[in-house]
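When reading the values below, keep in mind they use all heavy atoms of this one structure, side chains included, and skip hydrogens, waters and symmetry mates.
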Amino acid sequence: MKATMKDVASLAGVGVGSVSRVINGVNVKETTKEKVLAAIKELDYTPDEYARGLKTNRTNTVALIIPTIWHPFFSEFAYYLEETLSQRNYKLLICNADGSPEKEKEYIEMVKQSKVDGIIGVTYSDIDKFVSSKIPFVSIDRHFSEPISYVTADNFLGGQIAAQELIKRDCKELAYIGGISPYPNETNNRKEGFFSECRNLNMNVTSLVMPEPIDDLPSQLDKFISENPNIDGIFTINDFMGLDVIKSMERQGKKAPEDYQIIGFDGIRISENKEYLLSTIVQPIEEMARVSVETLLNIVLFQEKSERKVLPVYFKESATTKTLDN
């Protein structure tokens with residue numbers, strides 16, 4: 001006969017509620033957790049997800065909205081999100097939105113129809129009117145008109161660090177290059193942090209700020225760089241923009257780090273054991289995933305109020321900046 005939750009509780013010497021909390025990933029005393037896990041293993045107990053869902057009106061499924069699965073940052077974030085959710089006995093449903101507000105709206109409707117328990121969203125679409133504080137939703141970077149929980153890296157600090165690192169490496173003519181979203185989000189603070197630190201250090205900054213969606217990026221970069229030939233230190237809003245700038249510089253016969261130095265933002269790598277594509281401000285992707293799950297499940301399970309969580313970033317040197325002498 002298949003073991004039940006009561007059997008597990010009896011063998012572990014705890015209440016059924018404690019077994020339920022362990023299964024749902026809710027914090028309990030470590031000794032209680034160890035007893036419950038040992039009993040689960042001994043009895044080969046497997047929770048009946050379907051029956052449990054009927055009782056709790058939950059699916060134990062979370063939806064992730066991302067702009068595209070092709071972007072290394074989003075795919076790595078999805079990887080750590082799935083890993084964290086799996087430890088809490090939840091499954092992940094990925095929405096590859098591809099810039100479509102309609103796709104994102106459909107996933108938001110799934111929460112309202114109890115097809116998923118909540119959403120973690122990385123979205124740059126016009127969906128503000130569909131997002132409500134009444135549904136379990138955790139945003140990454142993006143702000144909404146209603147009080148929605150969001151998790152973000154310290155983008156302002158990242159901009160400050162980028163300025164400090166370029167100046168430490170004797171850059172004299174600094175530039176910021178990036179797009180700007182029509183929707184309020186934390187990524188705009190990267191520029192603000194960079195400019196703020198440059199002002200503190202009495203450094204002038206030239207900038208190319210392009211409204212998104214960006215039209216004919218290569219031409220805009222080529223024009224900006226040719227009009228500012230003395231630039232020797234560049235900070236870009238993200239790593240992909242940095243790679244585009246590197247290509248533009250190559251078209252004009254310049255190579256990093258000999259002729260200029262450049263720092264991106266995100267911390268993109270082709271795979272876990274590979275070098276960063278350029279010197280970069282690294283976002284703590286694994287921690288962002290863990291905190292996003294914790295925040296969302298606190299809303300789902302305990303109806304906690306919305307909150308803002310900011311996580312630290314750090315600089316990682318690669319081949320596009322000069323190595324400092326020790």
Side-chain angles (χ1 to χ4, degrees), residues 59 61-86 88 90-112 115-128 130-132 135-144 148-153 155 178-188 190 212-214 237-241 243 264-272 277 280-297 299-300 308-309 311 313:
T59 64
T61 302
V62 168
L64 169 65
I65 298 175
I66 52 176
T68 173
I69 198 67
W70 287 105
H71 195 293
F73 178 86
F74 301 134
S75 57
E76 185 176 348
F77 181 69
Y79 169 82
Y80 285 120
L81 206 64
E82 192 280 332
E83 191 175 63
T84 306
L85 284 166
S86 179
R88 309 288 286 268
Y90 272 76
K91 297 178 177 63
L92 180 66
L93 183 64
I94 296 178
C95 168
N96 187 57
D98 198 26
S100 168
E102 288 304 314
K103 282 187 178 182
E104 297 181 8
K105 179 185 173 184
E106 289 174 6
Y107 275 78
I108 293 170
E109 287 297 322
M110 289 181 70
V111 178
K112 296 177 181 178
K115 294 181 179 178
V116 295
D117 294 341
I119 291 176
I120 296 171
V122 186
T123 170
Y124 305 108
S125 299
D126 185 14
I127 61 167
D128 191 278
F130 304 120
V131 176
S132 166
I135 64 173
F137 193 105
V138 173
S139 176
I140 306 300
D141 290 332
R142 171 82 178 272
H143 307 169
F144 292 94
I148 300 295
S149 289
Y150 68 96
V151 175
T152 183
N155 293 275
I180 184 167
S181 172
Y183 309 111
N185 68 80
E186 289 284 321
T187 59
N188 294 331
R190 299 172 187 179
E212 296 177 352
I214 299 173
I237 192 168
N238 55 46
D239 288 346
F240 272 16
M241 180 67 73
L243 295 176
F265 197 112
D266 276 342
I268 288 177
R269 292 178 290 181
I270 297 174
S271 66
E272 185 177 7
L277 299 182
T280 184
I281 305 299
V282 180
Q283 298 198 68
I285 303 177
E286 183 175 0
E287 187 178 2
M288 289 175 72
R290 178 183 59 78
V291 172
S292 297
V293 169
E294 289 179 356
T295 303
L296 183 65
L297 294 189
I299 297 171
V300 172
R308 176 179 184 260
K309 296 190 176 179
L311 304 177
V313 297

Has [X] got a side-chain atom pairing as donor or acceptor with [Y]'s backbone, closer than 3.5 angstrom?
X      : Y      : answer
Thr295 : Val291 : yes
Asn185 : Tyr183 : yes
Asn155 : Arg190 : no
Asp98  : Asn96  : no
Asn238 : Phe265 : no
Ser75  : Pro72  : yes

Measuring from [X]:[atom1] to [Y]:[atom2], what's the distance to the nearest 0.5 Å?
X      : Y      : atom1 : atom2 : result
Arg142 : Glu186 : CZ    : CD    : 12.5 Å
Cys95  : Ile69  : SG    : CD1   : 10.5 Å
Phe73  : Gln283 : CZ    : CD    : 4.0 Å
Thr152 : Lys309 : OG1   : NZ    : 13.5 Å
Asp239 : Thr280 : CG    : OG1   : 3.5 Å
Arg290 : Glu83  : CZ    : CD    : 12.5 Å

Next item on the list: Check the pair Asp117 / Thr59 against side-chain hydrogen bond (donor to acceptor under 3.5 Å, both in side chains), numbers first and verdict last.
Entry: CA-CA 6 Å; Asp117 294 341; Thr59 64; 3.2 Å; yes
Beyond-backbone contact of [X] with [Y], side-chain heavy atoms, under 4.5 angstrom:
X      : Y      : result
Asp141 : Val122 : no
Ile120 : Phe77  : yes
Ile119 : Ile65  : yes
Tyr90  : Leu296 : no

Note to self: Which heavy atom of Ile214 sits nearest to which heavy atom of Gly179, and what is that distance?
What the structure shows: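 Result for this residue pair: CD1-CA, 4.0 Å.
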Note to self: Looking at every heavy atom in both Ile285 and Tyr80, which two are closest together, and how far apart are they?
What the structure shows: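 Heavy-atom minimum between the residues: CG2-CD1, 4.2 Å.
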Margin query: Could you go through Thr123 and Phe144, starting from their C-alpha distance and side-chain angles, then the distance that decides it, and tell me whether this counts as side-chain contact (heavy atoms from CB on, under 4.5 Å)?
Written below: CA-CA 11 Å; Thr123 170; Phe144 292 94; 3.8 Å; yes
Note to self: Could you work out, with ring-ring contact (aromatic ring centres under 6.0 Å, His included) as the rule, every residue matching Phe240, not counting sequence neighbours?
What the structure shows: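 By the ring-ring contact (aromatic ring centres under 6.0 Å, His included) rule, Phe240 matches His71.
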Margin query: If you apply the rule salt bridge (Lys or Arg N to Asp or Glu O under 4.0 Å), what do you find for Glu106 with Lys103, and how did you get there?
Written below: CA-CA 5 Å; Glu106 289 174 6; Lys103 282 187 178 182; over 6 Å; no
Next item on the list: Among Thr84, Thr61, Leu81, find the residue that satisfies the side chain to side chain contact (heavy atoms under 4.5 Å, CB included) test when tested with Leu92.
Entry: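 So the option named by the test is Leu81.
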